[in-house]
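Beneath this line is the structure, given in structure tokens, with notes to follow.
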Amino acid sequence: MEAKECVEGIDLNEPPHKNRGVRLSHVLLQKDCKNICRTKACDVSIELPSLWSISNFVSSKVYELNNFTKFSLYPDPEDARQSSEWGKFMHFLWHNQRAGIVRHGSFTFHILPAQSEERPNYSHAVILYETEQKDAVICKRRTGISEKSNKTEEICDSVPNPRGLNASHIHHDPESSPCESVEDGNRISDSLVKRGTSTLRRNFVSTDPTYLRTLSQTHAGWIFGAIAELIDNSRDAGASRLDIFIQTMFSKKAAGKVPVLSVIDDGRGMTYPEMMRMISFGHKRPNEHCSDQIGRFGIGFKTGAMKLGKDAIVLTQTSTSRSVSFLSQSFNENKDNLEIPVVTYRKEGQYMEVDLSVQSEATAEYNLKAIKEFSPFNEYFIGEKLGLFGEEGTGTQIYIWNLDRWGKNYTLDWNSGRTDENPIDQGRGDILIRSKRVRSRPGQTSKQVPLDYSLHSYLEVIFRNPRMKITVQGSQVKARPLDKSLNTTSVISGDIAGRTIELTIGMSKLEWERTNCGVFLYWRGRLIESYKRVGGQMHNADTGRGVIGVADITELVDDEDGNSWVLNSKQGFQDCEMYAELEEWLGSSMDEYWETNFDNVELEKAAGRCKPDHEWVQCYGCRKWRLLTTGFDTESLPDQWFCLMPPFNGKCTIPEQQMGHGSITIGEKRSGNVGRNRITQREATAKVDSYKIGNNEFSQDEDVKNVKLIPTIVNKRKNTSNGANSIEDDLDGNSSQTESVAPLHVLKRIRRGGARSCKT
């Protein structure tokens with residue numbers, strides 16, 4: 001059968017189709033997620049989608065064949081702005097001789113302006129539409145290519161080239177659209193427009209809702225990595241306070257109470273574009289380099305929230321706007337494409353009104369209805385939560401439910417921060433990983449690693465220079481900056497690939513008791529790797545026991561192009577040449593420190609030698625760290641300690657004190673052996689600043705005054721299998737802050753295998 005050639009032209013001058021009252025459909029036109037105008041169509045035989053998003057524009061000159069079904073589209077604006085946008089849109093199409101292309105499922109709609117030869121007609125638009133199911137006589141779909149293939153191509157034959165139609169000669173019109181929502185283009189992407197030749201078609205990928213589950217696997221190995229993603233966003237937003245807790249809420253859909261994880265901060269909040277950027281799957285990296293910004297990959301919120309639970313709602317407020325978004329696996333179940341409802345309000349005087357510049361009233365109502373149906377929230381409850389910000393307050397609230405499961409229970413376990421409800425933990429609220437499993441690290445044998453399963457413990461060290469006030473289950477997290485809590489501290493500088501790195505090494509009493517050791521690696525001030533064993537620590541559980549290294553390697557892993565060697569999960573670094581050199585340097589530095597300071601050092605039993613060189617406390621107000629008198633019992637200080645309180649007795653305006661780099665500090669009074677020679681690597685001086693406060697001069701205790709150090713004397717030892725006291729035996733007993741006169745014991749390091757100095 002031969003194909004019939006259609007030569008009748010399209011008449012754009014005909015009057016609009018009359019409404020016979022049979023059927024009325026409303027359609028909202030959009031371009032680049034911005035509303036143009038609400039419209040209506042009458043007596044259309046097909047089911048029209050309620051939202052038309054214009055993908056591109058083509059020249060209207062190519063529409064010379066009357067092989068389309070058509071109908072009329074009338075403007076039905078919701079406000080004056082939409083009425084104005086409709087006129088701009090129609091004028092753009094008429095003046096530039098363009099047709100807007102809308103694709104929805106198997107349908108393709110072509111929007112052309114109604115016009116006469118003398119003047120344009122903006123009363124309605126002419127809609128031509130077609131489906132993928134074309135006449136088999138005219139068009140043959142290439143076999144073996146599915147309808148959803150990224151290389152879909154149609155070859156139309158048996159039809160002569162239409163008169164005067166040569167799509168390759170269509171030129172781009174440089175004149176841009178006066179309508180803010182419209183983008184000009186010269187792309188022809190439908191095969192029926194071009195006959196007798198194959199067509200280059202642009203492919204836009206849709207997102208199946210199951211991709212949310214795939215994203216959650218980023219943190220499948222450690223669920224606290226998912227919570228850390230949300231904490232990073234709060235830190236980047238400049239939050240000074242962050243509250244994390246799990247509470248139960250009534251869910252109409254679940255017909256009962258469900259646990260909900262809440263993450264609430266007082267940061268800057270997000271505007272509508274920032275909200276859309278957050279829920280989008282990746283984004284362009286900023287041109288400017290933010291030295292302390294952690295979020296860079298554009299997937300943190302999605303990977304974190306979807307690992308913690310199936311459904312998440314975000315409430316955010318800035319000084320001028322308020323937005324609500326709903327990222328949900330439950331809502332998108334059995335859907336072909338991912339839908340994320342968003343409702344945005346803008347401040348009008350003292351009230352918040354729906355922002356009609358980004359959405360219509362109908363769209364806002366539809367999205368709000370979806371949120372109410374599939375979440376524990378209704379409009380009153382959302383209003384109550386948004387009220388927590390106050391009239392002038394800003395911040396972001398994230399609520400996650402349908403939490404991740406561990407068998408029949410939840411992966412997370414939690415307890416109350418109230419003493420009467422949690423007497424065992426003395427009222428310390430915490431969120432725990434139910435399994436309490438310790439993460440696998442090469443060379444590690446200790447099972448006492450609380451930060452692996454206690455959120456409270458993890459947040460104590462998550463930031464190298466903590467500033468936010470963080471609470472977990474209502475209990476304040478007391479930050480524990482590692483390089484401020486070490487004994488016999490040494491700061492070592494190294495050069496790797498022409499970049500300088502500084503490593504702070506010292507002995508930690510707490511990690512000694514837990515039989516832990518290793519390096520804590522930070523990136524942009526955020527913990528990436530913990531207890532990383534290097535050098536001899538990887539092969540012997542006793543080697544380096546209690547020795548902790550701390551380093552921020554931002555300058556090492558960030559390149560000049562803004563790329564970083566940090567994994568997307570932010571729980572490790574990519575395997576590269578520079579990282580391999582770093583591991584080797586860390587290993588040699590840690591081994592040298594251990595052999596110099598602790599391989600043959602005299603230790604006094606129960607003398608508290610592993611206590612920090614200095615006592616530090618953080619002001620609850622200004623969040624600055626203050627250096628206190630050595631030997632001061634910081635446990636006696638209240639949780640909410642301020643600079644004006646003893647023993648600092650100062651002001652928050654005083655700059656934060658810093659220890660001098662490249663120094664080893666030893667507290668004389670802690671040693672219990674004043675006047676003895678100290679075995680160390682080199683001579684160094686502890687540098688401590690003094691300040692005058694009022695009429696009184698505030699200075700540190702004399703135990704951190706200048707201490708002269710002498711070079712190390714290394715004794716050669718023979719291997720022995722008996723008569724050696726272990727390190728653990730030497731440090732048995734409780735620590736004391738008073739001097740002790742107990743006899744000294746020589747600590748001998750026990751090695752497995754031959755001595756390192758043996759030569760074959």
Side-chain angles (χ1 to χ4, degrees), residues 240-243 417-419 422-423 425-430 450-451 454-487 489 506-511 513 548 608-659 665 667-670 686 688-694 696-704 734-739:
S240 62
R241 182 179 180 86
L242 177 66
D243 299 315
R418 296 176 54 179
T419 306
N422 184 21
D425 297 315
Q426 298 180 348
R428 169 175 154 162
D430 203 355
L451 70 79
S454 166
L455 183 61
H456 201 287
S457 298
Y458 174 50
L459 297 186
E460 289 177 352
V461 297
I462 187 173
F463 297 122
R464 189 176 185 186
N465 190 20
R467 298 298 182 189
M468 282 194 301
K469 302 172 186 176
I470 304 178
T471 64
V472 176
Q473 292 298 105
S475 296
Q476 180 183 342
V477 175
K478 189 175 182 180
R480 184 168 62 95
L482 293 172
D483 42 3
K484 288 181 170 64
S485 60
L486 301 176
N487 176 271
T489 307
M507 174 67 71
S508 169
K509 178 178 182 294
L510 180 63
E511 302 304 344
E513 295 171 347
I548 295 297
R609 179 67 75 99
C610 294
K611 289 186 178 180
D613 292 321
H614 306 288
E615 298 291 354
W616 296 81
V617 64
Q618 188 176 31
C619 175
Y620 189 78
C622 66
R623 309 306 289 170
K624 294 177 183 176
W625 288 89
R626 300 306 187 185
L627 185 62
L628 303 182
T629 305
T630 304
F632 190 90
D633 184 12
T634 55
E635 297 298 326
S636 64
L637 298 177
D639 291 337
Q640 296 186 10
W641 181 89
F642 296 88
C643 293
L644 55 85
M645 300 170 66
F648 188 75
N649 298 319
K651 298 180 180 179
C652 289
T653 56
I654 297 176
E656 189 173 75
Q657 295 135 295
Q658 302 291 337
M659 292 300 302
T665 59
E668 288 185 9
K669 290 184 178 179
R670 289 205 184 128
V688 183
D689 297 329
S690 298
Y691 299 94
K692 288 186 177 181
I693 304 173
N696 300 324
E697 182 177 351
F698 171 74
S699 62
Q700 303 305 316
D701 198 275
E702 294 183 358
D703 61 348
V704 293
N734 297 325
S735 61
S736 173
Q737 296 188 18
T738 60
E739 295 188 13

Candidates Gln476, Arg623, Gln618 - the one meeting side chain to side chain contact (heavy atoms under 4.5 Å, CB included) with Lys469:
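When side chain to side chain contact (heavy atoms under 4.5 Å, CB included) is applied between Lys469 and each of Gln476, Arg623, Gln618, only Arg623 qualifies.
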Identify whether the distance between the nearest side-chain nitrogen and carboxylate oxygen of Glu656 and Lys624 falls below 4.0 Å.
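Looking at Glu656 and Lys624, the cut-off is not met.
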Which distance, rounded to the nearest 0.5 Å, do you find between the [atom1] of [X] and the [atom2] of [Y]?
X      : Y      : atom1 : atom2 : value
Met507 : Ser485 : CE    : OG    : 12.5 Å
Thr471 : Arg241 : OG1   : CZ    : 5.0 Å
Phe648 : Leu637 : CZ    : CG    : 13.0 Å
Leu486 : Glu511 : CG    : CD    : 9.5 Å
Arg626 : Cys643 : CZ    : SG    : 4.0 Å
Gln473 : Asp243 : CD    : CG    : 10.5 Å

Decide yes or no for Pro466 and Trp625: does some side-chain heavy atom of the first lie under 4.5 Å from some side-chain heavy atom of the second?
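The answer is yes; the side chains approach within 4.5 Å.
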Should Pro450 and Glu460 count as side-chain neighbours, where that means a heavy-atom distance under 4.5 Å?
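Result no, sub-4.5 Å side-chain heavy-atom pair not found.
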Kindly indicate, with the supporting measurements, whether the criterion side-chain contact (heavy atoms from CB on, under 4.5 Å) is fulfilled by Tyr620 and Trp641.
CA-CA 6 Å; Tyr620 189 78; Trp641 181 89; 5.9 Å; no
Quick check: closest heavy atoms across Asp430 and Leu455, and the distance to 0.1 Å?
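Heavy-atom minimum between the residues: OD1-N, 3.5 Å.
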Distance-minimising heavy-atom pair for His456 and Ser475:
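In terms of heavy atoms, the two residues are closest at NE2-O, 4.2 Å.
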Could you check Asp483 against Arg464 for side-chain contact (heavy atoms from CB on, under 4.5 Å), going step by step and ending with a plain yes or no?
CA-CA 8 Å; Asp483 42 3; Arg464 189 176 185 186; 3.0 Å; yes
